[in-house]
Amino acid sequence: MLPPWIVWSRAALLLGEQRKRRRRRRLMRRANAKLRGHCPICAADVTFLPADAGPRETPRCVECGSVPRHRALVSVLTRLYPSIADLHVHESSPSACTAEYLRRHCARFTGSYYLPNKRPGAKLGVFVNCDLGQQPFAAHSFDLVVTQDVLEHLPRPQPALREIERTLRPGGRHLFTVPRTPDQPTRARAEWRDGALHQLLPAEYHRDPTDKNGSLVVTDWGHDLEHLVASPGRSRCTVHTVLAPQHGILTPVEVFEVQTG
Ligand SMILES: [Zn+2]
(Lines give C-alpha, C1' and ligand atoms only; values in the text may rest on other atoms or scores of the structure.)
Protein backbone atom coordinates (compact mmCIF):
# COMPACT_ATOMS: atom_id res chain seq x y z
CA MET A 1 0.00 0.00 0.00
CA LEU A 2 1.49 3.30 -1.10
CA PRO A 3 1.45 6.22 1.27
CA PRO A 4 -1.35 8.70 0.43
CA TRP A 5 1.06 11.55 -0.51
CA ILE A 6 2.55 9.35 -3.29
CA VAL A 7 -0.92 8.47 -4.61
CA TRP A 8 -1.85 12.15 -4.63
CA SER A 9 1.35 13.28 -6.30
CA ARG A 10 0.98 10.55 -8.97
CA ALA A 11 -2.63 11.62 -9.58
CA ALA A 12 -1.51 15.27 -9.88
CA LEU A 13 1.22 14.28 -12.33
CA LEU A 14 -1.27 12.31 -14.41
CA LEU A 15 -3.68 15.23 -14.44
CA GLY A 16 -0.87 17.60 -15.46
CA GLU A 17 0.14 15.24 -18.28
CA GLN A 18 -3.46 15.03 -19.51
CA ARG A 19 -3.73 18.83 -19.50
CA LYS A 20 -0.46 19.12 -21.41
CA ARG A 21 -1.64 16.54 -23.97
CA ARG A 22 -4.96 18.36 -24.44
CA ARG A 23 -3.12 21.69 -24.91
CA ARG A 24 -0.72 20.10 -27.42
CA ARG A 25 -3.66 18.61 -29.35
CA ARG A 26 -5.39 22.02 -29.38
CA LEU A 27 -2.23 23.72 -30.70
CA MET A 28 -1.79 21.04 -33.36
CA ARG A 29 -5.38 21.52 -34.49
CA ARG A 30 -4.81 25.29 -34.74
CA ALA A 31 -1.53 24.81 -36.64
CA ASN A 32 -3.26 22.44 -39.08
CA ALA A 33 -6.05 24.95 -39.63
CA LYS A 34 -3.45 27.49 -40.75
CA LEU A 35 -2.74 27.56 -44.43
CA ARG A 36 0.50 28.52 -46.12
CA GLY A 37 0.34 30.05 -49.57
CA HIS A 38 1.25 33.00 -51.76
CA CYS A 39 -0.53 36.31 -51.27
CA PRO A 40 -0.77 38.25 -54.57
CA ILE A 41 -1.08 41.52 -52.62
CA CYS A 42 2.00 40.96 -50.44
CA ALA A 43 3.78 39.23 -53.37
CA ALA A 44 5.18 36.86 -50.74
CA ASP A 45 4.64 33.46 -49.15
CA VAL A 46 2.41 34.00 -46.15
CA THR A 47 0.17 32.29 -43.62
CA PHE A 48 -3.59 32.52 -44.07
CA LEU A 49 -5.66 32.29 -40.91
CA PRO A 50 -9.20 31.01 -40.77
CA ALA A 51 -11.95 33.06 -39.15
CA ASP A 52 -15.64 32.62 -38.53
CA ALA A 53 -16.76 34.75 -41.47
CA GLY A 54 -18.16 33.52 -44.82
CA PRO A 55 -15.96 32.01 -47.57
CA ARG A 56 -15.47 35.42 -49.30
CA GLU A 57 -14.12 36.84 -46.03
CA THR A 58 -11.84 34.06 -44.82
CA PRO A 59 -9.02 32.97 -44.63
CA ARG A 60 -7.20 36.24 -43.94
CA CYS A 61 -3.57 36.97 -44.88
CA VAL A 62 -1.67 37.57 -41.64
CA GLU A 63 0.62 40.09 -43.36
CA CYS A 64 -1.72 42.47 -45.24
CA GLY A 65 -5.08 41.48 -43.73
CA SER A 66 -6.54 40.72 -47.17
CA VAL A 67 -9.49 38.34 -47.52
CA PRO A 68 -10.28 36.08 -50.53
CA ARG A 69 -12.31 38.70 -52.44
CA HIS A 70 -9.41 41.23 -52.21
CA ARG A 71 -6.89 38.66 -53.45
CA ALA A 72 -9.26 37.51 -56.23
CA LEU A 73 -9.61 41.10 -57.49
CA VAL A 74 -5.84 41.70 -57.47
CA SER A 75 -5.26 38.34 -59.25
CA VAL A 76 -7.66 39.39 -62.02
CA LEU A 77 -6.14 42.88 -62.17
CA THR A 78 -2.61 41.52 -62.71
CA ARG A 79 -3.94 39.07 -65.29
CA LEU A 80 -5.72 41.83 -67.27
CA TYR A 81 -2.80 44.26 -67.30
CA PRO A 82 0.78 43.21 -68.15
CA SER A 83 1.83 46.28 -66.13
CA ILE A 84 -0.27 48.46 -63.85
CA ALA A 85 2.52 51.03 -63.34
CA ASP A 86 1.02 53.64 -65.70
CA LEU A 87 -2.59 53.37 -64.55
CA HIS A 88 -4.58 56.17 -62.98
CA VAL A 89 -6.92 54.41 -60.58
CA HIS A 90 -9.93 55.45 -58.53
CA GLU A 91 -11.15 53.18 -55.75
CA SER A 92 -14.36 54.04 -53.92
CA SER A 93 -14.50 53.12 -50.19
CA PRO A 94 -11.15 51.36 -50.47
CA SER A 95 -10.03 48.63 -48.14
CA ALA A 96 -6.65 49.28 -46.52
CA CYS A 97 -4.80 46.40 -48.19
CA THR A 98 -5.85 47.14 -51.79
CA ALA A 99 -5.56 50.94 -51.38
CA GLU A 100 -1.99 50.44 -50.18
CA TYR A 101 -1.30 48.02 -53.04
CA LEU A 102 -2.70 50.37 -55.72
CA ARG A 103 -0.98 53.42 -54.21
CA ARG A 104 2.35 51.56 -54.29
CA HIS A 105 2.08 50.09 -57.78
CA CYS A 106 0.12 52.56 -59.92
CA ALA A 107 1.13 55.93 -61.32
CA ARG A 108 -1.77 57.73 -59.63
CA PHE A 109 -4.24 56.51 -57.07
CA THR A 110 -7.35 58.35 -55.94
CA GLY A 111 -9.23 56.86 -53.01
CA SER A 112 -12.64 58.24 -52.13
CA TYR A 113 -15.24 58.07 -49.39
CA TYR A 114 -18.58 59.81 -49.21
CA LEU A 115 -19.60 62.12 -46.40
CA PRO A 116 -22.88 63.87 -47.40
CA ASN A 117 -22.21 66.83 -45.06
CA LYS A 118 -18.89 67.66 -46.81
CA ARG A 119 -18.35 69.48 -50.12
CA PRO A 120 -18.00 67.17 -53.18
CA GLY A 121 -14.30 66.85 -53.98
CA ALA A 122 -13.23 68.00 -50.48
CA LYS A 123 -10.07 66.40 -49.09
CA LEU A 124 -10.68 63.76 -46.41
CA GLY A 125 -7.07 63.22 -45.33
CA VAL A 126 -5.49 61.37 -48.25
CA PHE A 127 -8.96 60.61 -49.67
CA VAL A 128 -11.49 62.66 -51.66
CA ASN A 129 -15.15 63.19 -50.81
CA CYS A 130 -17.10 61.58 -53.65
CA ASP A 131 -20.72 60.55 -54.07
CA LEU A 132 -20.43 57.80 -56.69
CA GLY A 133 -23.72 59.01 -58.22
CA GLN A 134 -22.47 62.63 -58.67
CA GLN A 135 -18.72 62.49 -58.94
CA PRO A 136 -16.47 65.55 -58.74
CA PHE A 137 -14.11 64.09 -61.40
CA ALA A 138 -13.89 65.16 -65.06
CA ALA A 139 -14.95 62.76 -67.82
CA HIS A 140 -12.27 60.24 -68.89
CA SER A 141 -10.17 60.79 -65.73
CA PHE A 142 -9.32 57.17 -64.93
CA ASP A 143 -8.00 54.00 -66.58
CA LEU A 144 -9.47 51.85 -63.84
CA VAL A 145 -12.20 52.20 -61.23
CA VAL A 146 -12.32 49.66 -58.40
CA THR A 147 -15.25 49.00 -56.08
CA GLN A 148 -15.21 46.13 -53.61
CA ASP A 149 -18.52 45.10 -52.09
CA VAL A 150 -19.86 48.63 -52.59
CA LEU A 151 -22.60 48.25 -55.25
CA GLU A 152 -25.00 46.41 -52.93
CA HIS A 153 -25.03 49.44 -50.60
CA LEU A 154 -25.59 52.26 -53.11
CA PRO A 155 -28.96 54.03 -52.67
CA ARG A 156 -29.15 54.53 -56.48
CA PRO A 157 -26.88 52.03 -58.26
CA GLN A 158 -27.73 53.00 -61.87
CA PRO A 159 -26.65 56.69 -61.71
CA ALA A 160 -23.45 55.55 -59.95
CA LEU A 161 -22.68 53.00 -62.69
CA ARG A 162 -23.25 55.64 -65.41
CA GLU A 163 -20.97 58.05 -63.53
CA ILE A 164 -18.25 55.39 -63.30
CA GLU A 165 -18.50 54.93 -67.08
CA ARG A 166 -18.30 58.71 -67.63
CA THR A 167 -15.08 59.00 -65.61
CA LEU A 168 -13.40 56.08 -67.43
CA ARG A 169 -11.21 56.62 -70.47
CA PRO A 170 -12.28 54.73 -73.62
CA GLY A 171 -11.21 51.11 -73.07
CA GLY A 172 -11.05 51.72 -69.32
CA ARG A 173 -12.33 49.20 -66.83
CA HIS A 174 -14.52 49.04 -63.76
CA LEU A 175 -13.32 46.05 -61.75
CA PHE A 176 -15.51 45.08 -58.85
CA THR A 177 -16.66 42.45 -56.42
CA VAL A 178 -20.19 42.20 -55.06
CA PRO A 179 -22.04 39.33 -53.38
CA ARG A 180 -24.78 37.88 -55.55
CA THR A 181 -27.39 35.15 -55.40
CA PRO A 182 -27.18 33.30 -58.73
CA ASP A 183 -30.57 31.57 -58.48
CA GLN A 184 -32.72 34.71 -58.28
CA PRO A 185 -33.07 37.96 -60.25
CA THR A 186 -31.74 41.21 -58.83
CA ARG A 187 -34.13 42.81 -56.37
CA ALA A 188 -34.19 46.09 -54.47
CA ARG A 189 -34.35 45.76 -50.68
CA ALA A 190 -34.93 49.52 -50.44
CA GLU A 191 -36.00 52.23 -52.88
CA TRP A 192 -34.78 55.82 -53.24
CA ARG A 193 -37.83 58.10 -53.36
CA ASP A 194 -38.30 61.82 -52.55
CA GLY A 195 -34.72 62.14 -51.38
CA ALA A 196 -34.85 59.23 -48.93
CA LEU A 197 -34.51 55.45 -48.83
CA HIS A 198 -37.72 53.51 -48.23
CA GLN A 199 -37.36 49.93 -47.03
CA LEU A 200 -39.12 47.33 -49.24
CA LEU A 201 -37.75 44.23 -47.48
CA PRO A 202 -36.51 43.72 -43.91
CA ALA A 203 -33.34 45.73 -43.32
CA GLU A 204 -30.11 43.78 -43.69
CA TYR A 205 -26.64 45.04 -42.83
CA HIS A 206 -23.10 44.05 -43.76
CA ARG A 207 -20.17 44.51 -41.41
CA ASP A 208 -18.52 47.88 -42.01
CA PRO A 209 -15.19 48.81 -40.35
CA THR A 210 -16.11 52.52 -40.62
CA ASP A 211 -19.59 52.19 -39.08
CA LYS A 212 -20.42 50.20 -35.96
CA ASN A 213 -24.06 49.89 -37.12
CA GLY A 214 -22.95 48.18 -40.34
CA SER A 215 -23.83 49.12 -43.90
CA LEU A 216 -27.42 48.77 -45.14
CA VAL A 217 -27.90 46.39 -48.10
CA VAL A 218 -29.99 48.17 -50.73
CA THR A 219 -29.71 45.68 -53.61
CA ASP A 220 -29.59 41.88 -53.67
CA TRP A 221 -27.72 41.32 -56.94
CA GLY A 222 -28.81 38.23 -58.87
CA HIS A 223 -28.23 36.23 -62.05
CA ASP A 224 -29.02 39.23 -64.31
CA LEU A 225 -26.21 41.38 -62.87
CA GLU A 226 -24.12 41.35 -66.09
CA HIS A 227 -27.01 42.91 -68.04
CA LEU A 228 -27.74 45.54 -65.40
CA VAL A 229 -24.21 46.87 -64.91
CA ALA A 230 -23.26 47.39 -68.57
CA SER A 231 -24.69 49.93 -71.05
CA PRO A 232 -25.83 48.45 -74.37
CA GLY A 233 -23.42 49.51 -77.11
CA ARG A 234 -21.11 51.38 -74.73
CA SER A 235 -19.72 48.77 -72.31
CA ARG A 236 -19.73 45.05 -71.68
CA CYS A 237 -19.42 42.91 -68.57
CA THR A 238 -17.19 39.86 -68.16
CA VAL A 239 -17.22 37.61 -65.10
CA HIS A 240 -13.96 36.12 -63.81
CA THR A 241 -14.44 33.26 -61.36
CA VAL A 242 -11.34 32.83 -59.23
CA LEU A 243 -10.56 29.64 -57.33
CA ALA A 244 -6.93 29.56 -56.20
CA PRO A 245 -6.14 27.58 -53.03
CA GLN A 246 -2.48 28.62 -53.43
CA HIS A 247 -3.65 32.24 -52.89
CA GLY A 248 -5.94 31.32 -49.98
CA ILE A 249 -9.05 31.46 -52.19
CA LEU A 250 -10.69 28.19 -51.23
CA THR A 251 -14.14 28.68 -52.77
CA PRO A 252 -14.91 30.40 -56.11
CA VAL A 253 -15.05 34.21 -55.91
CA GLU A 254 -16.55 36.27 -58.73
CA VAL A 255 -14.76 39.36 -59.98
CA PHE A 256 -16.70 41.49 -62.47
CA GLU A 257 -15.10 43.54 -65.22
CA VAL A 258 -17.05 46.21 -67.11
CA GLN A 259 -15.01 47.58 -70.00
CA THR A 260 -16.01 50.69 -71.90
CA GLY A 261 -15.97 50.56 -75.72
ZN1 LIG B 1 -1.14 39.53 -48.02
Side-chain angles (χ1 to χ4, degrees), residues 35-48 54-111 140-152 161 164-165 167-180 182 221 223 225-231 234-261:
L35 182 73
R36 291 287 298 171
H38 187 86
C39 174
I41 296 175
C42 295
D45 292 341
V46 298
T47 299
F48 298 111
R56 302 171 79 248
E57 306 291 331
T58 190
R60 185 174 284 272
C61 167
V62 294
E63 301 298 330
C64 67
S66 65
V67 299
R69 59 188 172 82
H70 298 140
R71 296 191 291 275
L73 186 126
V74 169
S75 306
V76 172
L77 173 67
T78 50
R79 212 183 305 152
L80 289 174
Y81 295 93
S83 165
I84 59 171
D86 295 331
L87 298 185
H88 186 187
V89 185
H90 170 211
E91 179 168 13
S92 166
S93 301
S95 56
C97 60
T98 48
E100 175 54 31
Y101 175 87
L102 294 168
R103 203 186 295 282
R104 210 169 51 230
H105 289 91
C106 301
R108 284 176 70 194
F109 173 74
T110 303
H140 305 165
S141 291
F142 305 109
D143 303 296
L144 173 71
V145 173
V146 174
T147 59
Q148 301 189 71
D149 285 28
V150 166
L151 295 193
E152 72 272 37
L161 289 164
I164 289 172
E165 274 189 18
T167 62
L168 280 171
R169 296 197 178 113
R173 290 178 166 104
H174 175 204
L175 213 56
F176 64 96
T177 58
V178 74
R180 74 156 157 178
W221 292 93
H223 57 69
L225 178 146
E226 289 95 314
H227 303 290
L228 298 174
V229 296
S231 305
R234 287 210 306 277
S235 62
R236 59 192 161 77
C237 179
T238 310
V239 187
H240 304 267
T241 303
V242 184
L243 175 66
Q246 71 277 21
H247 297 325
I249 305 167
L250 309 178
T251 54
V253 175
E254 287 183 318
V255 177
F256 303 93
E257 173 204 357
V258 173
Q259 186 167 30
T260 58

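Between E257 and H240 the shortest side-chain heavy-atom distance falls below 4.5 Å. Side-chain atoms of L151 and L225, non-hydrogen and from C-beta on, never get closer than 4.5 Å to each other. Residues T260 and R169 form no side-chain contact, since every pair of their non-hydrogen atoms from C-beta on lies 4.5 Å or further apart. Contact check for C61 versus R71: side-chain heavy atoms found under the 4.5 Å cut-off. Residues L228 and W221 form a side-chain contact, since some pair of their non-hydrogen atoms from C-beta on lies under 4.5 Å apart. Residues T147 and H174 meet the side-chain proximity criterion, which asks for heavy atoms closer than 4.5 Å. Taking the side chain as every heavy atom from C-beta outward, Q148 and L73 approach each other to under 4.5 Å. Taking the side chain as every heavy atom from C-beta outward, L175 and L144 approach each other to under 4.5 Å.
When all heavy atoms of C97 and I41 are compared, the pair lying nearest together is O-CG2, 4.0 Å. Looking at every heavy atom in both residues, A72 comes nearest to V242 through CB-CB, 3.9 Å. In plain terms, the two heavy atoms of S95 and E91 that are nearest each other are N-OE2, 3.9 Å. Considering every non-hydrogen atom in both I249 and L243, the closest pair reads O-CD1, 3.7 Å. Here the closest non-hydrogen pair linking E63 and C42 is CB-SG, 3.5 Å. When every heavy atom of L35 is checked against every heavy atom of G248, the shortest pair comes out as CD2-CA, 4.2 Å.
With values rounded to the nearest 0.5 angstrom, F109 atom CZ is found 8.0 Å from H90 atom NE2. Residue S83 holds its OG atom at 10.0 Å from NE2 of H105, rounded to the nearest 0.5 Å. Atom OG of S66 is separated from atom CZ of R60 by 8.0 Å, given to the nearest 0.5 angstrom. Distance CZ/R173 to CD1/I164: 15.5 Å, rounded to 0.5 Å.
Within the cation-pi definition used here (under 6.0 Å to the ring centroid, within 45° of the axis), R108 does not qualify as a partner of F142.
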Inset, instruction - Show your reasoning for whether side chain to side chain contact (heavy atoms under 4.5 Å, CB included) applies to F256 and T177. - result: CA-CA 6 Å; F256 303 93; T177 58; 5.8 Å; no
Legend entry - From CA spacing to verdict: side chain to side chain contact (heavy atoms under 4.5 Å, CB included), F176, V145: CA-CA 8 Å; F176 64 96; V145 173; over 6 Å; no
Legend entry - Worked verdict on Y101 versus C64 for side chain to side chain contact (heavy atoms under 4.5 Å, CB included): CA-CA 10 Å; Y101 175 87; C64 67; over 6 Å; no
Inset, instruction - I would like to know whether H88 and D143 meet side-chain hydrogen bond (donor to acceptor under 3.5 Å, both in side chains); could you show each step before the answer? - result: CA-CA 5 Å; H88 186 187; D143 303 296; 5.8 Å; no
Inset, instruction - Check the pair I84, L77 against side chain to side chain contact (heavy atoms under 4.5 Å, CB included), reporting the backbone distance first and the verdict last. - result: CA-CA 8 Å; I84 59 171; L77 173 67; 4.1 Å; yes
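Enclosure of atom CZ in R236 is not indicated, since only 12 or fewer non-hydrogen atoms of other residues, nucleotides or ligands lie within 6.0 angstrom. With a 6.0 Å radius and a threshold of 12 heavy atoms from other residues, nucleotides or ligands, R79 has its CZ atom above the threshold.
H70 places a side-chain N or O within 3.5 Å of a backbone atom of V67 that can act as its donor or acceptor partner. A donor-acceptor pair under 3.5 Å is formed between the side chain of Q259 and the backbone N or O of G171. Between the side chain of T58 and the backbone N or O of P55 there is no donor-acceptor pair closer than 3.5 Å.
Under the 4.0 Å criterion applied to side-chain N and carboxylate O atoms, D149 and R69 are assigned as salt-bridge partners.
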